[in-house]
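This report concerns only the one structure given below.
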Amino acid sequence: MTGGNSMDAISVRGLFRQYQSYLNQPITVKGWIRTLRTSKTFGFIELNDGTFFMNLQVVFGDNLNNFSEVAKLTLSSAICVHGRLVESTGAKQPFELQAERIGIENLASADYPLQKKKHSFEFLRTIAHLRPRTNTFSAVFRVRSLLAFAIHQFFQERNFVYVQTPIITGSDCEGAGEMFRVTTLSFTDTPRNAQGQTDFSQDFFGKETNLTVSGQLNAEAYCMAFRNVYTFGPTFRAENSNTARHAAEFWMIEPEMAFAELADNMHIAEEMLKYLIHYVLENAPEEMAFFNSFIEPSLFQRLTNVLNSEFGHLTYTEAIEILKKADVQFNYSIDWGSDLQTEHERYLTEKVFQKPVFVTDYPKGIKAFYMRLNDDDKTVAAMDLLVPGVGEIIGGSQREERLGYLDKRIAELGLDRKDYEWYLDLRKYGGTKHAGFGLGFERLIMYLTGITNIRDVISFPRTVKSADF
RNA sequence: UCCUCGAUAGCUCAAUGGUAGAGCAUGCGGCUGUUAACCGCAGGGUUGUAGGUUCGAGUCCUACUCGGGGAGCCA
């Protein structure tokens, strides 16, 4: 075989998964030097080939024709090792590669910024192009990849149809936050209409367009054709949010189910979260063990607790009663009608329930227009899933399927009915009960890994005042 | 956007208003089984930026920039 790809080399993952079958065999491995230790006539290399979280220990001696060169290899140099796999006498690994030839593919510059020590997450963010080579980020991004796959698998197993909704949206009616404008108009010579305003009729799409803040409304259209659908894609919010839980660009999963009510919605959300926890524990045991040891010491306990317990349920009104009786001094007052503050949510999920908890039936005044009005005429069939540590990880609702009610709600809020014509059509033509929710993909990763800053679960994070790399 | 803390060597951090240091990393040397190896020596600085106070500023004051934590908004 020609070329230098991994096709003709054994993967470190393969070795770790079944090293017995390679013992005392000659093998070739290609990878990067994570760390190297030498003595006068021998040395050790910890080699990472990208396929596995753990490193392969390579032992080399002065029988190598380029021993002195190898002994001076810098961290992150790329090498090709040919040798024999043997059982290790060291305590920390069951096997090691006794090198017979080491080819040097690239000698890394000595000023390689990652050292054999712990680095702060803040520093690593400044070298986001190199940080995937660290243990932590190697673990985070392999888990992220597995979770993305698991989400598809979860929904596909249940015959949900994956819908790719548009990233550029022409409707300004999604109401989920500030939007990023998409335009080809000149900023120095902006076309104006008779009123002196920007003339978007001359823009690329002939109208004002933005990056999507949610695929939900589009997903509802496909829901009414395929019954159960989900979206999984990037989402953009131009909010000036400076927190560890917000990014300007993030990924969201939005299932939407026809003939479903709020209870079905919560049921699938709980089932999904448990499925995903189970999946990563099963398929990324080394990575999860690393998180449990170095990122959040009680991670396994917490996740096991989630797997083994029923999620809590309470209505917004019940939550208000609990908070009023709470033996805690809150900074924000508790009044029926105002939204729950972070401190309230944390109290509920971390102190009262100590597990994920659904809060349902919020006052209509603090929720979106499309949520289904309850019979009390005061609350809507909304649900937020609060989890310890991260806060709100899921927000969803049963949608208002009754044309008259939706019409009335749009009028009440002073929205322009014209903008919702197609959305109202969905009710006109066979509209059924339906429900769905949005899951923040990064918040999910944070919850399952114990990483506390969203910037550390996105490859190249985009946040306020920061779009490097 | 608000509150709060911070910015000193490549990294992590010290330094009563009075000569800017250490550990790690890097370079060189030593070491026959290491595990963030170990031991010795060396190089490495416009103390975030711009002003100000002072005989003298890393240190005090003002503004700005960037970053951490918290809040709002949300996923």
Side-chain angles (χ1 to χ4, degrees), chain A residues 34-46 54-62 71-72 74-75 86 88-93 96 98 108-127 130 134-135 174-178 213-216 233-254 269 294 330-332 338-346 366-368 384-387 390-396 437-447 452-458 463-466 468:
Chain A
R34 277 292 175 79
T35 157
L36 177 150
R37 301 175 282 276
T38 58
S39 284
K40 189 179 186 181
T41 57
F42 65 94
F44 300 93
I45 292 171
E46 281 189 38
M54 317 285 272
N55 303 316
L56 172 66
Q57 172 156 291
V58 175
V59 191
F60 64 97
D62 57 6
K72 287 182 183 174
T74 44
L75 297 195
V86 297
S88 180
T89 56
K92 294 207 172 179
Q93 60 283 317
E96 63 194 15
Q98 193 76 49
S109 173
D111 59 3
Y112 181 60
L114 291 170
Q115 304 149 31
K116 296 188 250 182
K117 57 169 275 191
K118 274 192 177 170
H119 291 285
S120 65
F121 284 149
E122 290 84 357
F123 170 65
L124 291 172
R125 279 172 215 148
T126 69
I127 50 168
L130 300 176
T134 64
N135 287 336
E174 303 189 32
E178 293 297 309
V213 293
S214 164
Q216 181 202 316
T235 307
F236 307 87
R237 305 266 169 99
E239 238 101 55
N240 189 10
S241 299
N242 285 294
T243 81
R245 296 180 295 285
H246 290 84
E249 177 182 308
F250 63 99
W251 283 57
M252 194 153 63
I253 296 101
E254 297 176 291
F294 296 106
F330 293 115
N331 291 320
Y332 290 84
S338 3
D339 211 349
L340 299 178
Q341 302 297 311
T342 296
E343 58 176 352
H344 304 144
E345 295 180 342
R346 292 184 69 126
I366 56 173
K367 288 291 181 185
D384 283 357
L385 180 65
L386 311 178
V387 298
V390 177
E392 186 183 335
I393 198 169
I394 283 175
F437 61 84
L439 166 72
F441 187 45
E442 285 77 10
R443 289 187 181 176
L444 171 77
I445 300 166
M446 292 166 73
Y447 185 56
T452 55
N453 196 309
I454 197 168
R455 295 167 182 85
D456 300 325
V457 298
I458 300 178
T463 53
V464 182
K465 300 286 182 207
S466 172
D468 298 325

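These figures come from a predicted structure and were not determined experimentally. Quick note on labels: first sequence line is chain A, next is B, and so on, each numbered from 1.
With both ends at atom P, the span from B/C11 to B/G45 equals 13 Å, rounded to whole Å. Separating the P atom of B/C60 from that of B/A7 is a span of 10 Å, rounded to the nearest Å. Nucleotides B/C61 and B/U16 are separated by 15 Å at their P atoms, to the nearest Å. Spacing of P atoms, B/G29 relative to B/A50, comes out at 41 Å, to the nearest Å. If you take atom C1' in B/C39 and the same atom in B/G21, they sit 22 Å apart, rounded to whole Å. With both ends at atom C1', the span from B/A22 to B/A63 equals 34 Å, rounded to whole Å. Distance check on atom P: B/U54 versus B/C13 gives 35 Å, rounded to whole Å. For the P atom pair drawn from B/G40 and B/A25, the interatomic distance equals 13 Å after rounding to whole Å.
The base of B/C74 is paired with the side chain of A/His246 by a donor and an acceptor separated by under 3.5 Å.
Here B/A37 presents its P atom at 13 Å from CZ of A/Phe60, a figure rounded to the nearest Å. Straight-line distance from the NZ atom of A/Lys116 to the C1' atom of B/U12: 17 Å, rounded to whole Å. Whole-Å rounding puts the A/Gln93 CD to B/U34 C1' distance at 9 Å. Distance A/Glu343 CD to B/A71 P: 9 Å, rounded to the nearest Å. The distance from atom CD of A/Glu345 to atom P of B/A71 is 11 Å, rounded to the nearest whole Å. One can place CG of A/Asp111 at 8 Å from C1' of B/G10, the figure rounded to the nearest angstrom. At whole-Å resolution of the value, CZ in A/Arg245 and P in B/G68 are 14 Å apart. Rounded to whole angstrom, the span from the CZ atom of A/Phe42 across to the P atom of B/U32 amounts to 7 Å.
The partner of B/U49, taking Watson-Crick or G-U wobble pairs whose two distances both stay under 3.5 Å, is B/A63. Taking a pair to require two hydrogen-bonding distances under 3.5 Å in either a Watson-Crick or a G-U wobble arrangement, B/G43 remains unpaired. For B/A15, there is no paired base (Watson-Crick or G-U wobble, both distances below 3.5 Å). With both pairing distances under 3.5 Å, B/C24 is matched to B/G10 as a Watson-Crick or G-U wobble pair. Look at B/A71: its Watson-Crick or wobble partner, with both distances under 3.5 angstrom, is B/U1. Across all strands shown, B/G30 is found opposite B/C38 as a Watson-Crick or G-U wobble partner, with both distances under 3.5 Å.
A/Leu75 places none of its side-chain heavy atoms less than 4.5 Å from the side chain of A/Leu114. Contact of the A/Val464 side chain with the A/His246 side chain is not registered, since no non-hydrogen atoms from C-beta on lie closer than 4.5 Å. Residues A/Glu46 and A/Leu36 are not in side-chain contact: their nearest non-hydrogen atoms beyond the backbone lie 4.5 Å or more apart. No side-chain heavy atom of A/Phe121 sits less than 4.5 Å from a side-chain heavy atom of A/Asn453.
The shortest distance between the side-chain N/O atoms of A/Lys40 and the OP1/OP2 oxygens of B/C31 is below 4.0 Å. Proximity of A/Ser120 to the phosphate of B/U12: a side-chain N or O atom is located under 4.0 Å from OP1 or OP2. Contact annotation: A/Asn453 reaches the phosphate of B/G69 (side-chain N/O to OP1 or OP2, under 4.0 Å). OP1 or OP2 of B/U1 has not a single side-chain nitrogen or oxygen of A/Lys465 nearer than 4.0 Å. Taking side-chain N and O atoms only, A/Thr35 has a distance below 4.0 Å to OP1 or OP2 of B/A37. For B/A37, one of the phosphate oxygens OP1 or OP2 lies less than 4.0 angstrom from a side-chain nitrogen or oxygen of A/Arg37. Checking the phosphate oxygens (OP1, OP2) of B/A37, no side-chain nitrogen or oxygen of A/Thr38 falls inside 4.0 Å. Applying the 4.0 Å criterion to OP1 and OP2 of B/G68, one finds that A/Arg455 has a side-chain N or O inside that range.
Closest to the side chain of A/Phe123, from the set B/A36, B/G68, B/U12, is B/U12. Distances were taken from every side-chain heavy atom of A/Arg443 (C-beta onward) to each of B/G67, B/A75, B/U35; the shortest belongs to B/A75. Among the nucleotides B/G23, B/C31, B/C74, the one closest to the side chain of A/Lys117 is B/G23. In the set B/C28, B/U35, B/G27, the nucleotide with an atom closest to the side chain of A/Lys72 is B/C28. Considering only the side chain of A/Phe250, B/A75 comes nearest among B/A75, B/G72, B/U12. Among the nucleotides B/C11, B/U26, B/U12, the one closest to the side chain of A/Ala110 is B/U26. For A/Asn240, taking side-chain heavy atoms from C-beta onward, the closest of the listed nucleotides B/G27, B/U1, B/C24 is B/U1. With B/C11, B/A71, B/U34 as the choices, the nucleotide that has an atom nearest any side-chain atom of A/Gln115 turns out to be B/C11. Among B/G72, B/U26, B/U34, the nucleotide with an atom closest to any side-chain atom of A/Leu75 is B/U26. Nearest to the side-chain atoms of A/Asp339 among the listed nucleotides B/C28, B/C74, B/G33 stands B/C74.
A/Pro113 approaches A/Leu130 most closely through the heavy-atom pair CG-CD1, 3.4 Å.
The pair A/Glu442-A/Arg245 does not meet the salt-bridge criterion, since no charged nitrogen lies less than 4.0 angstrom from a carboxylate oxygen.
Side chain of A/Ser466 to backbone of A/Thr463: no donor-acceptor contact under 3.5 angstrom is found. No donor-acceptor pair closer than 3.5 Å links the side chain of A/Glu96 to the backbone N or O of A/Gln57.
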